[in-house]
Student: 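This is the structure I have questions about; it appears just below.
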Amino acid sequence: MAGEIQKVGVVGLGAMGAGIAQLCVEAGVDTVGREVTLELGEKARGRIAHFLTRKVEKGQLQQGARDAAMERLTLTSEVGDLGDCDLVIEAIVEDLAPKQELFRELERVCRPDAVLATNTSALSVTEIASAISTPERVVGMHFFNPAPLMPLVEIVRAELSSDDAFERAYTLGEKLGKHPIRCFDTPGFVVNRVLIPLLNDCIRVLDEARVSVEDLDAGMKHGAGWPMGPCELVDLVGIDVHVHASEALYEKTREQRMAPPPRLVAMRNAGLLGRKSGRGFYTY
Ligand code: CAA
């Protein structure tokens with residue numbers, strides 16, 4: 001088995017990628033973050049700096065540890081700069097073609113022993129891996145939103161993943177302070193297989209039960225012990241992201257409950273995307 005993961009690349013520094021990069025630098029791992037432009041990279045660096053500063057202000061992190069963590073982050077717009085990473089995590093747009101294209105590029109520039117991981121939530125890891133000639137080094141590392149706060153990471157074994165790549169990704173999950181679970185490359189893996197249809201049911205209940213958004217959220221928080229209500233959660237995840245994941249799971253399983261409720265599709269089409277657009281079920 002190849003050595004410990006000491007340097008990680010994160011491709012795509014949106015909400016998930018920036019959160020993953022934050023976890024890496026906090027865990028003492030040198031991290032190269034790649035965005036399409038350095039300007040976008042700097043925005044992500046600013047968000048990471050903000051959250052680490054909040055931790056200092058709240059007494060959860062020493063100032064020196066915060067500064068050292070920030071120094072471990074380097075930014076680039078070139079995939080070629082990921083050549084000396086031990087493991088690269090892809091967190092770009094949830095579409096198969098651009099992911100496959102990126103993995104082909106990663107295969108060209110990364111060392112042969114580097115693990116290539118995808119943070120996809122609803123696409124098939126095996127299909128992503130099928131684009132390259134060394135699919136054994138591809139695994140899923142599926143983090144949950146917000147990545148720095150949610151303890152789980154699903155370590156996903158694709159059809160051709162090697163034991164070595166799988167275990168190295170698992171070990172990195174532990175090093176990042178997460179609770180990793182091992183799973184296979186089945187639609188939605190474990191959590192989204194349950195959570196996506198459940199959230200879709202919640203949204204359908206809004207209309208069926210003529211309950212208000214606030215009351216549905218209160219119902220699930222106070223009656224089922226959820227940390228946040230389903231409407232708040234879909235707003236947090238992003239209505240476009242949730243609809244896209246629902247469509248991907250519906251396509252694979254043909255289960256009616258996976259299909260996105262029309263109300264959510266209409267919201268997505270209207271640009272009501274939740275927190276990121278300032279308006280979803282709630283206004284931010
Ligand atoms: N990155 C880093 N730090 C963050 C952050 C982020 N993205 N977002 C918030 N924080 C920090 C903030 O600094 C905040 O502190 P301040 O407000 O003092 O600055 C701190 O975290 C705590 O924030 P909250 O007070 O909001 O924390 P909370 O105790 O209310 O918990 C929560 C927040 C962890 C999100 C909790 O509400 C929760 O567990 N919600 C459920 C989330 C969930 O189910 N996520 C899964 C979504 S599904 C998914 O991700 C799968 C998929 O593939 C789509």
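Read the numbers this way: they start at 1 and go in the same order the structure lists the ligands and their atoms.
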Student: For atom 52 (C) of ligand 1, grab the closest protein heavy atom and report residue, atom and distance to one decimal in Å.
Tutor: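 Sorting protein heavy atoms by distance from atom 52 (C) of ligand 1 puts N192 ND2, 3.5 Å first.
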
Student: Does the protein place a non-hydrogen atom closer than 4.0 angstrom to atom 30 (O) of ligand 1?
Tutor: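 Given the 4.0 Å cut-off, atom 30 (O) of ligand 1 does not count as touching protein heavy atoms.
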
Student: Students should be able to answer this: which protein heavy-atom is nearest to atom 36 (C) of ligand 1, and at what distance?
Tutor: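 Looking only at protein heavy atoms, the one closest to atom 36 (C) of ligand 1 is P227 CB, 4.1 Å.
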
Student: Can you tell which part of R47 has a heavy atom less than 4.0 Å from ligand 1: side chain, backbone, both or neither?
Tutor: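 Neither; no heavy atom under 4.0 Å.
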
Student: Checking a contact table here: which protein heavy atom is nearest atom 23 (O) of ligand 1, and how many Å away?
Tutor: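 Here the closest protein heavy atom is L149 CD1, 4.3 Å.
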
Student: What part of Q22, side chain from CB on, backbone N/CA/C/O, both or neither, has a heavy atom under 4.0 Å from ligand 1?
Tutor: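 Near ligand 1, Q22 shows its side chain, while the N, CA, C and O stay back.
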
Student: Could you list which atoms of ligand 1 come closer than 4.0 Å to a heavy atom of V237?
Tutor: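 Answer, ordered by atom number: 47 (C), 48 (S), 54 (C).
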
Student: In the protein, which heavy atom is nearest to atom 19 (O) of ligand 1, and how far is it?
Tutor: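 The closest heavy atom on the protein side is R54 NE, 2.7 Å.
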
Student: Side chain or backbone of H242 under 4.0 Å from ligand 1, or both, or neither, by non-hydrogen atoms?
Tutor: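 The answer is neither; H242 stays 4.0 Å or more away.
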
Student: M267 pairs by side chain to side chain contact (heavy atoms under 4.5 Å, CB included) with which of D240, I203, L272?
Tutor: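 By the side chain to side chain contact (heavy atoms under 4.5 Å, CB included) criterion, M267 pairs with just one of D240, I203, L272: L272.
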
Student: Quick one: which ligand 1 atoms are inside 4.0 Å of a heavy atom on H142?
Tutor: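 Result: 52 (C), 53 (O).
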
Student: Near P148, which atoms of ligand 1 are under 4.0 Å from a heavy atom of that residue?
Tutor: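 By the 4.0 Å cutoff, the relevant atoms are 1 (N), 2 (C).
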
Student: So V115 and R137, do their side chains get closer than 4.5 Å, heavy atoms only?
Tutor: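 R137 does not reach V115 side chain to side chain.
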
Student: Give the numbers and elements of all ligand 1 atoms closer than 4.0 Å to a heavy atom of L233.
Tutor: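 Listed by number with element: 42 (C), 43 (C), 44 (O), 45 (N), 47 (C).
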
Student: Need the ligand 1 atom indices (1-based, order shown) with element for anything under 4.0 Å from a heavy-atom of P146.
Tutor: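 Atoms satisfying the 4.0 Å criterion: 6 (C), 7 (N), 35 (C).
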
Student: Answer yes or no on whether R182 is positioned over the face of F166, meaning its NZ or CZ is under 6.0 Å from the six-membered ring centre and within 45° of the axis.
Tutor: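 Judged by the rule (NZ or CZ under 6.0 Å from the ring centre, within 45° of its axis), R182 is not positioned above F166.
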
Student: Test of understanding: given a 4.0 Å heavy-atom threshold, classify the contact between F51 and ligand 1 as side chain, backbone, both, or neither.
Tutor: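 It is the side chain that touches ligand 1; the backbone stays farther off.
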
Student: If we count only non-hydrogen protein atoms and require a distance under 4.0 Å, does atom 8 (N) of ligand 1 qualify as touching the protein?
Tutor: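 Looking at atom 8 (N) of ligand 1, one finds that a protein heavy atom does lie closer than 4.0 Å.
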
Student: Is atom 1 (N) of ligand 1 close to the protein, meaning a heavy atom under 4.0 Å from it?
Tutor: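 Yes, at least one protein heavy atom sits under 4.0 Å from atom 1 (N) of ligand 1.
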
Student: Suppose we measure from atom 41 (C) of ligand 1 to each protein heavy atom; which comes out shortest, and what is that distance?
Tutor: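 For atom 41 (C) of ligand 1, the nearest protein heavy atom comes out as M228 SD, 3.5 Å.
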
Student: For F189, does the six-membered ring have the charged nitrogen or CZ of R193 within the cation-pi criterion, i.e. under 6.0 angstrom from the centroid and within 45° of the normal?
Tutor: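 Not flagged: R193 not positioned over aromatic ring of F189.
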
Student: Evaluate the 4.0 Å heavy atom contact test for atom 44 (O) of ligand 1: does a protein atom fall under the cut-off?
Tutor: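 Yes.
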
Student: Check the side chains of D217 and Y282 for a donor-acceptor pair under 3.5 angstrom, ignoring hydrogens and angles.
Tutor: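 The answer is yes; a qualifying pair exists.
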
Student: Write out the residue and atom name of the closest protein heavy atom to atom 14 (C) of ligand 1, then the distance separating them to 0.1 Å.
Tutor: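 The protein heavy atom lying closest is K58 NZ, 3.6 Å.
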
Student: For atom 49 (C) of ligand 1, which protein heavy atom lies nearest, and how many Å away is it?
Tutor: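 The answer is F144 CD2, 3.5 Å.
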
Student: Determine, considering heavy atoms only, which of V191, L195, N145 sits nearest to atom 48 (S) of ligand 1.
Tutor: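 Considering heavy atoms of V191, L195, N145, the nearest to atom 48 (S) of ligand 1 sits in L195.
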
Student: Which residue, D86, D84, D30, forms the salt bridge (Lys or Arg N to Asp or Glu O under 4.0 Å) with K7?
Tutor: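 Answer after filtering D86, D84, D30: D84.
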
